[in-house]
Every structure is written in C-alpha cells, then in structure tokens.
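Written out below as structure tokens is the structure these notes cover.
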Amino acid sequence: MVRHRIIAVIGLLSCFAAACSSSLSPKEVLALGRAEALWAARPFDSYTYETVISCGECPDVMRHSARVLVSNGKVVGAVLVANDSVLSPTSFVTIDGL
C-alpha cells in the first residue's frame, strides 16, 4: 500500500515538473495523461478525426478543416471538410503520430 502511494506521489510530482517546462497547467497535464491512457486502451484501430490546416501566419480565411481517415492504424485518406476535396493522405499522421 505504501509503495502504491509512493508511486502515485512520484507520478504527481513528475506531472508538476513537466508542467514547469510546458505551457500546460498542472491540471491540464493530469487531464492529458488521463486522456492519453484512455486512448492507449481503446479497443479499435480504425477511426476518423478532424484537424485544421493552417499556413502559419495566414489570416483565418486561409485555414481549412480536414477529415482524416485511419484504418488499421494507417492513414488511408483525407478530405477538406468544406467541400470533400481529396487531400494526400501522406500529409497527415495518425493520432498516435501526433
């Protein structure tokens, strides 16, 4: 029981230390850790996600949402959300790749 508490305290301190070198707050670091654990435990390897394509300092009108299709752990397709224009899947990565 004491060993589990020590491990939990070390984990918590690690999160706080990471937060000091991150733009995330300690609360956000903990939430991110929980979300990553949930994602790692998922029972599927095929999914879609949406992301925003931006050219950096471009105005908002230059930003576009893209829908990325992942099948069996590999990116197999991508389209612009606005008009379903096909994009090169090689320009995108899986969630694990992010």
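All values derive from a computational prediction rather than experimental measurement.
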(message) In the structure I gave you, are the side-chain heavy atoms of Thr51 and Ser65 within less than 4.5 Å of one another anywhere?
(response) no

(message) For Pro89 versus Gly77, what's the shortest heavy-atom pair and its separation?
(response) CB-N, 3.8 Å

(request) Please name all residues satisfying side-chain contact (heavy atoms from CB on, under 4.5 Å) with Ser85, sequence neighbours left out, ordered by chain then number. (result) Leu80, Asn83

(message) I need the Leu69 CG to Thr48 OG1 distance, nearest 0.5 Å.
(response) 7.0 Å

(message) Check for me, please, whether Val68 and Leu98 land in the same ILVMFWY cluster - side-chain distances under 4.5 Å, paths through other members count.
(response) yes

(message) Do Ile95 and Val70 have side chains that approach each other closer than 4.5 Å (heavy atoms only, starting at C-beta)?
(response) no

(message) Ignoring hydrogens, what is the shortest heavy-atom contact between Ser46 and Ser71? Give both atom names and the distance.
(response) OG-CA, 3.4 Å

(message) Can you give me the closest heavy-atom contact between Thr94 and Gly73, atom names plus distance?
(response) CG2-O, 3.4 Å

(message) With clusters defined by side-chain heavy atoms of hydrophobic residues (ILVMFWY) lying less than 4.5 Å apart, directly or transitively, does Val81 cluster with Val79?
(response) no

(message) Does the plane of the ring in Phe44 sit parallel, tilted or perpendicular to the ring in Tyr47? Use 30° and 60° as the thresholds.
(response) perpendicular

(message) Assigning hydrophobic clusters by single linkage (Ile, Leu, Val, Met, Phe, Trp, Tyr; side-chain heavy-atom cutoff under 4.5 Å), is Trp39 placed with Phe92?
(response) yes

